[in-house]
Amino acid sequence: CVSALKEDSSNIIKLDEHFSFDMFNLTLFKNDELVKLRAKELDFLSLLLKNKNRYVTHSEIENYVWRDDAMSKDALKTLVKNLKTKIPKELISNQWGVGYKIDV
């Protein structure tokens, strides 16, 4: 089962013509080259992709990405800013007071 899942291309999400994300292995690729992500960037991106049809609330982000730690608004802004330097920045949108969404 594990090898079948690893080889299953349905877990690959195309972000755009250059970027893809493997949901099973939690890896980001740009033109088939691995892009290194920090742990929180990886958690945040996978959370957005799991919920790609809706805005993910700040409390959901805090619970999933920060787990037992408190999340400040500045920490979240910095996380989003850093992730936007590694993927096309127009993919992540924000609705003030609601949360973040990925447009793929």
Side-chain angles (χ1 to χ4, degrees):
C1 288
V2 172
S3 62
L5 283 172
K6 284 183 179 179
E7 294 173 12
D8 184 7
S9 63
S10 66
N11 62 318
I12 307 294
I13 298 174
K14 281 293 262 183
L15 303 180
D16 72 359
E17 61 190 52
H18 302 287
F19 287 89
S20 60
F21 188 77
D22 183 335
M23 291 294 289
F24 183 78
N25 295 306
L26 298 177
T27 48
L28 176 67
F29 294 94
K30 178 181 182 183
N31 298 324
D32 297 322
E33 298 269 335
L34 181 66
V35 177
K36 290 186 179 182
L37 295 177
R38 295 180 178 189
K40 283 186 174 28
E41 293 170 342
L42 190 57
D43 288 342
F44 181 63
L45 181 57
S46 63
L47 177 65
L48 292 180
L49 289 169
K50 287 177 188 174
N51 297 280
K52 60 185 170 190
N53 296 321
R54 67 178 187 86
Y55 282 93
V56 179
T57 66
H58 291 101
S59 62
E60 288 175 295
I61 295 167
E62 182 174 21
N63 291 334
Y64 190 84
V65 177
W66 271 262
R67 293 176 182 82
D68 296 328
D69 296 329
M71 174 189 78
S72 70
K73 289 186 179 186
D74 286 338
L76 179 57
K77 283 182 184 179
T78 301
L79 174 66
V80 173
K81 184 183 97 187
N82 289 340
L83 184 58
K84 284 182 173 184
T85 65
K86 298 177 181 179
I87 65 170
K89 63 182 178 182
E90 64 275 0
L91 291 180
I92 298 176
S93 58
N94 172 285
Q95 185 171 2
W96 190 85
V98 176
Y100 289 88
K101 179 181 177 184
I102 192 157
D103 300 312
V104 291

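All of these numbers come straight from a predicted model, not from anything done at the bench. Hydrogens, waters and symmetry mates are skipped; everything else that's a heavy atom, side chains included, is used.
Annotation: side chain of Leu34 is not in contact with side chain of Leu28 (no heavy-atom distance under 4.5 Å). You'll find the side chain of Leu49 stays beyond 4.5 Å of the side chain of Ser46, heavy atoms only. Between Asn94 and Val80, every side-chain heavy-atom pair lies at or beyond the 4.5 Å cut-off. Contact annotation: the side chain of Lys101 never approaches that of Ile92 to less than 4.5 Å [non-hydrogen atoms, C-beta and beyond]. Residues Met71 and His58 meet the side-chain proximity criterion, which asks for heavy atoms closer than 4.5 Å. Taking the side chain as every heavy atom from C-beta outward, Phe21 and Val104 never approach each other to under 4.5 Å.
Between atom CD1 of residue Ile61 and atom CG of residue Leu48 there is a gap of 6.5 Å, rounded to the nearest 0.5 Å. Atoms NZ and CG, on Lys40 and Leu83 in that order, are 14.0 Å from each other to the nearest 0.5 Å. A distance of 13.0 Å separates CZ of Arg38 from CG of Leu42, quoted to the nearest 0.5 Å. Here Glu90 contributes atom CD and Asp16 contributes atom CG; the two are 7.5 Å apart, rounded to the nearest 0.5 Å. Atom CG in Asp103 sits 7.0 Å away from atom CG in Leu91 (nearest 0.5 Å). Between the OG atom in Ser72 and the NZ atom in Lys77 there is a gap of 10.0 Å [rounded to 0.5 Å].
When the shell of 6.0 Å around NZ of Lys73 is examined, it contains 12 or fewer heavy atoms from other residues, nucleotides or ligands. In this structure, Gln95 places its CD atom where more than 12 heavy-atom neighbours from other residues, nucleotides or ligands lie under 6.0 Å away. For Asp32, the CG atom sits in a loose shell: 12 or fewer heavy atoms of surrounding residues, nucleotides or ligands are nearer than 6.0 Å.
A single hydrophobic cluster is not seen to contain both Phe29 and Phe24; linkage of ILVMFWY side chains at heavy-atom distances under 4.5 Å, directly or through other members, places them apart. Connection of Tyr64 to Ile13 is established within a shared hydrophobic cluster, with ILVMFWY side chains joined at heavy-atom distances below 4.5 Å, either directly or through further cluster members. No continuous path of ILVMFWY side-chain contacts below 4.5 Å connects Val98 to Val56, so the two sit in separate hydrophobic clusters.
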Stepwise side chain to side chain contact (heavy atoms under 4.5 Å, CB included) test for Lys50 and Met23: CA-CA 9 Å; Lys50 287 177 188 174; Met23 291 294 289; 3.5 Å; yes
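Taking every heavy atom of both residues into account, Leu37 and Leu45 meet most closely at CD1-CD2, 4.0 Å.
A salt bridge is defined here as a Lys NZ or Arg NE, NH1 or NH2 lying under 4.0 Å from an Asp or Glu carboxylate O, and Glu60 with Arg54 meets this definition. Between Arg67 and Asp43 there is a salt bridge, since a side-chain N of the basic residue sits under 4.0 Å from a carboxylate O of the acidic one.
Legend: residues meeting salt bridge (Lys or Arg N to Asp or Glu O under 4.0 Å) with Lys86, ordered by chain and number and at least two apart, are Glu41. In this structure, the ring-ring contact (aromatic ring centres under 6.0 Å, His included) partners of Phe44, at least two apart in sequence or on a different chain, are Tyr100.
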